[in-house]
Amino acid sequence: MSFQHPASPALEAIWDVVSRIPQGQVSTYGAVARAAGLPGRARQTGFALKVAPDGMNLPWHRVVGAGGRIVFPKTSRQYRDQVRLLRAEGVAIREGRVEACAVVDPAP
DNA sequence: GAACTGACTGTAA
DNA sequence: ATTACAGCCAGTT
């Protein structure tokens with residue numbers, strides 16, 4: 001068997017932070033990156049979520065863009081999935097944005 | 001190794 | 001409100 005690519009420490013730190021976002025709450029790409037010790041690298045959070053293995057069961061839907069904006073195109077499948085998953089845990093969404101009160105800064 | 005890409009963000013017009 | 005652009009930087013071509 002060959003070795004899998006070892007996940008970089010940055011990736012694991014991001015995965016860890018995301019996994020700790022409580023149900024019913026939402027954070028942002030930038031805030032996750034910062035809590036993972038990677039200030040200014042919001043895009044890294046997006047990449048980390050994209051490459052996260054399915055078996056990891058990461059609550060990816062609890063991560064949104066700055067200001068609570070859902071970053072996916074409204075016509076995309078992911079947009080609808082994210083909205084459905086968030087509403088299922090009681091997060092209010094209007095016009096592609098989660099209510100500000102649901103957006104939190106992850107604990108360090 | 002340069003160029004390009006991207007689940008981002010803040011500023012400016 | 002919307003668009004444009006610079007800054008960010010790991011991955012991919």
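Heavy atoms only: backbone and side chains are in, while hydrogens, waters and symmetry mates are out. Just so it is clear: chains get the letters A, B, ... in the order the sequence lines come, proteins before strands, and each one is counted from 1.
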Please check this pair: side chain of A:Arg97 against backbone of A:Gly68, looking for a donor-acceptor N/O pair closer than 3.5 Å.
no
Do you know which two heavy atoms are closest between A:Ala33 and A:Arg41, and how far apart they sit?
CB-O, 3.5 Å
When you measure from the side chain of A:Val71, which nucleotide among B:dC8, B:dG6, C:dG11 comes out closest?
B:dC8
I want to verify a distance call: between B:dT9, C:dG11, C:dG7, whose nearest atom is closest to the A:Arg43 side chain?
C:dG7
d(CG, A:Leu38; P, C:dC9) in whole Å:
10 Å
Between P of C:dC9 and CD1 of A:Ile14, the distance in whole Å
13 Å
Where the side chain of A:Ala66 is defined as all heavy atoms beyond and including C-beta, which of C:dG11, B:dT9, B:dA7 is the nearest nucleotide?
B:dT9
Length of the CD-P vector between A:Glu12 and C:dA10, whole Å:
16 Å
Interatomic distance where CG belongs to A:Leu11 and C1' belongs to B:dG6 [whole Å]:
14 Å
Among B:dA7, C:dA10, B:dT9, which is the nearest nucleotide to the side chain of A:Gln78?
B:dA7
Find which nucleotide of DNA chain C each of A:Phe47 and A:Gly40 is nearest to by heavy atoms, and output the residue with the more 5' nucleotide.
A:Gly40
Is it true that a side-chain atom of A:Trp15 and a backbone atom of A:Ala48 form a donor plus acceptor pair closer than 3.5 Å?
yes
Please confirm whether the shortest side-chain N or O distance from A:Arg41 to OP1 or OP2 of C:dA10 is below 4.0 Å.
yes
Just by modelled atom types, is the A:His61 backbone N or O under 3.5 Å from a matching donor or acceptor in the A:Gln82 side chain?
yes
